[in-house]
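Data block below; observations after.
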There are 2 protein chains.
Amino acid sequence: MAPTEKITINDIARRTGLSKGTVDRVLHNRGEVSRKSYDKVMKVIQELGYEPNVYASLLAKGVSQLVAILIPAHEPGSFWELAASGIEKAAAGTGTIGIRVEPFEYDQYDIDSFRDACNRLLEAQPAGVVLAPLFLEETVTFAGRLKEAGIPYVFIDSKPESDDYLAYFGMPLYKSGYLCADQLTGGQENVDSVLMVRVMRDRLQQSDPTINRRAGFMDYMLEHSPECTLGNLFIDPGDPNGTYFKLDDWFQEHPSVKHVVMFNSRIHLIVPWLEDHPDAGRRVVGFDNLSANLEALRRGTVTSLIAQHPDDQVRLAVETLAEYILRKKLPPRKDNFMHMDILTRYNVDYY
Amino acid sequence: MAPTEKITINDIARRTGLSKGTVDRVLHNRGEVSRKSYDKVMKVIQELGYEPNVYASLLAKGVSQLVAILIPAHEPGSFWELAASGIEKAAAGTGTIGIRVEPFEYDQYDIDSFRDACNRLLEAQPAGVVLAPLFLEETVTFAGRLKEAGIPYVFIDSKPESDDYLAYFGMPLYKSGYLCADQLTGGQENVDSVLMVRVMRDRLQQSDPTINRRAGFMDYMLEHSPECTLGNLFIDPGDPNGTYFKLDDWFQEHPSVKHVVMFNSRIHLIVPWLEDHPDAGRRVVGFDNLSANLEALRRGTVTSLIAQHPDDQVRLAVETLAEYILRKKLPPRKDNFMHMDILTRYNVDYY
DNA sequence: TTGAATTCCGTGCACGGTAACGGAAATTTA
DNA sequence: TAAATTTCCGTTACCGTGCACGGAATTCAA
């Protein structure tokens, strides 16, 4: 029933006058083949357009290949929990036949735990790795080790300057800031004041997606509301009370401000204050579909969220690796910028 | 390396004292097995938690299974072209190992071509079918034939009252109308006038998603802008000039109307008129990411689009069928309401 | 009781590829 | 030149299922 006769390793053996053992050796570059035979086999493979049968290969190999995922521990309600849910999806679907997926987690505030996770990962001898470069420098050196070991890797969320990765899946960060500004202002020109709530970062040398987002945001504002005052308020994610009082103080001084934005996934941190001080005309925009954020969106406290699909990023990363591992196929694009979802209270339910 | 020793059909044969041939016969219910042996085998299968090896199975069978897709012909730039693109995705990815995907197309305005496509489809003896119920009654009877033949099927886009389908993937239509209204008004209360552009339908007994959308839309308006006048204008998709003149006439009479909406994928039909008569304060909302619609969005003529993912619907439908065909696994949910994307000029580029 | 028809089951090959094993041929060494 | 290596290649036994074939055991008919 197949459109064309599937050609097998035996066909190649026959056509070259060699045995399938030899053909297998050239297919997997494991040496012990003379130059002449090698060329002959390669030629016939080209001519016939041979493609190995994945089932047979997997069946013979017996073992499934491991794809390791290196991400921060997914505390409940955090951004990385969303990514982790993609692991199950990737592991579940038929999309990953012959591939096992295993997460290696670390504390995103503890660089030693990161190093530790890297080592554990390498010991597991994965055939491919998915990783999010939180610790920039460490990630680059780790990528070096992977390269040395001949293990392909795919970045998600953001990526370092490196160039040896198989693929990247993430959000266009600058653009997301731009979109964010449009959502915050509702397309209105000449907004006169905006509050940007930011998180104090004590961790060093981390890759910070919010920098690019803020840049995009500010460029939009410059174009559409050049006179706008952009206020900054820094809060500490570990200190809810302090956050609350800081917001109290800030709005005491700027009572007329109607637009509030945060560039990371933690808009939920300021929701308690906002709900204690309701304002019908206020617009609040944040990022990412954490459950706490979604709740606030449903209640109307948050006007809209800009969400990426960390689970899809993981899924696509795994599928890309699977395709590469099982059939040595390179992805069509190295850098894959993914769609940004706009979430409002009216489309959040079927998310 | 596998977590637990994989148990095979031979293990079962040994444990039951029967041969693998017999085990195979009970696994596939193809008879010629005594009641006693059958029970014994089933018992051991339960105990050991046997799961067949997909590779070996596929390898032995040799042929991959066919999943047939029954959709309207995808004229360039039409909604169904988007769905068709999902076929390639489904066929390409490793997601569909062992599964061939083949479209069977018909003219959505010609019921005979639909019947014809149904027959061609059945002759191909598919192991599963994906279908969109455009011709309602015909679809129901066709579903009956599928059921009779023991072929599982999955609905996309919309679904009839039937209950024998394996799964459904589609948009929550009523909700999408609600969301649409929110986008059109930008969250403003007390909009005073809206134009709903509608398409004349000559085809009968078709399932029409726009009915539910309009209902959701009108309920939103009733809640937020009870005084709003909802104007209707019917156009003929085959007559661009007539459309243009009708819009001319209508806006002659209602020059102050700033809100225009369409409930199907053809907002692009009124774009020429809109661009000839620009209005900075106008808001225009439509559905679906046809390329013509996206262009209009980029140019700012259309304010926002509400898009589903017809390609994802097809992909998920195929994967669901694959999972069922290859491993007899039922989908976690029968009815899968999918996310509605809000597209604006600022997030359209990475769509 | 014997032959024929059923029912039920085991055997063995095929599917396409993997990789260990061992041996022939070519090359090097003494 | 014979022996010791090295290079290169064919053979073969799997991997877990599917399925055709044929035979044994049982039931039925005569």
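Note on naming: letters A, B, ... go to the chains in the order of the sequence lines (proteins, then strands), and numbering restarts at 1 for each one.
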*Between B:Y153 and B:Y165, is the gap from one ring center to the other below 6.0 Å?*
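Centroid separation for B:Y153 and B:Y165: 6.0 Å or greater.
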Rounded to whole Å, please give me the gap between [atom1] in [X] and [atom2] in [N].
{"X": "A:R30", "N": "D:dT7", "atom1": "CZ", "atom2": "P", "answer": "17 Å"}
{"X": "B:N10", "N": "D:dT17", "atom1": "CG", "atom2": "P", "answer": "7 Å"}
{"X": "A:D39", "N": "D:dC8", "atom1": "CG", "atom2": "P", "answer": "13 Å"}
{"X": "B:Q65", "N": "D:dG18", "atom1": "CD", "atom2": "P", "answer": "11 Å"}
{"X": "B:I12", "N": "C:dG10", "atom1": "CD1", "atom2": "C1'", "answer": "17 Å"}
{"X": "A:L59", "N": "D:dC14", "atom1": "CG", "atom2": "C1'", "answer": "9 Å"}
{"X": "B:Y55", "N": "C:dA14", "atom1": "OH", "atom2": "C1'", "answer": "21 Å"}

_Any A:Y50 side-chain nitrogen or oxygen under 4.0 Å from OP1 or OP2 of C:dG17_ =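 Looking at the OP1 and OP2 atoms of C:dG17, one of them is under 4.0 Å from a side-chain N or O of A:Y50.
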*Report the residue (B:G17 or A:E51) whose heavy-atom-nearest nucleotide on DNA chain C is the more 5′ of the two.*
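Residue closer to the 5' terminus by nearest nucleotide: B:G17.
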_Heavy-atom side-chain proximity of B:I9 to B:P52 below 4.5 angstrom_ =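 Side-chain contact under 4.5 Å: no.
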*asked:* Distance check, rounded to the nearest 0.5 Å: A:L70 atom CG versus A:F114 atom CZ?
replied: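 A:L70 atom CG to A:F114 atom CZ measures 5.0 Å (nearest 0.5 Å).
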_On a heavy-atom basis, which atom in A:T16 and which in A:I12 lie closest, and how many Å separate them?_
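It is OG1-O, 2.8 Å.
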_Which heavy atom of A:D107 sits nearest to which heavy atom of A:S113, and what is that distance?_
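In terms of heavy atoms, the two residues are closest at N-OG, 2.8 Å.
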*Classify the side chain of B:K20 versus the base of C:dG10 as yes if they form a donor-acceptor pair under 3.5 Å and no if they do not.*
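Answer no: no donor N or O sits under 3.5 Å from an acceptor.
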_Nearest-nucleotide pick for A:D24, side chain only, options being D:dG16, C:dA19, D:dG18_ =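 Selected nucleotide: C:dA19.
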*Measure from the side-chain heavy atoms of B:K61 and tell me the nearest of C:dC15, C:dG17, D:dC19.*
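My answer, after comparing the listed nucleotides, is D:dC19.
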*How about A:N10 and A:R15: does a side-chain donor come under 3.5 Å of a side-chain acceptor?*
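Their side chains do not contain a donor-acceptor pair, so the 3.5 Å distance test is not met.
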Hey, what are the protein-to-nucleotides 7-9 of chain C N/O distances that come in under 3.5 Å?
from: C:dC9; atom 1: OP1; to: B:S34; atom 2: OG; distance (Å): 2.9
from: C:dC9; atom 1: OP1; to: B:S37; atom 2: OG; distance (Å): 2.3
from: C:dC9; atom 1: OP2; to: B:S34; atom 2: N; distance (Å): 2.7
from: C:dC9; atom 1: N4; to: B:E32; atom 2: OE1; distance (Å): 3.2

*Assign A:N53 to base, sugar-phosphate, or nothing according to its heavy-atom contacts below 4.0 angstrom with the strands shown.*
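Sugar-phosphate, no base atom in range.
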_Any side-chain to backbone donor/acceptor pair from A:T139 onto A:F135? Under 3.5 Å, distance only._
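Yes.
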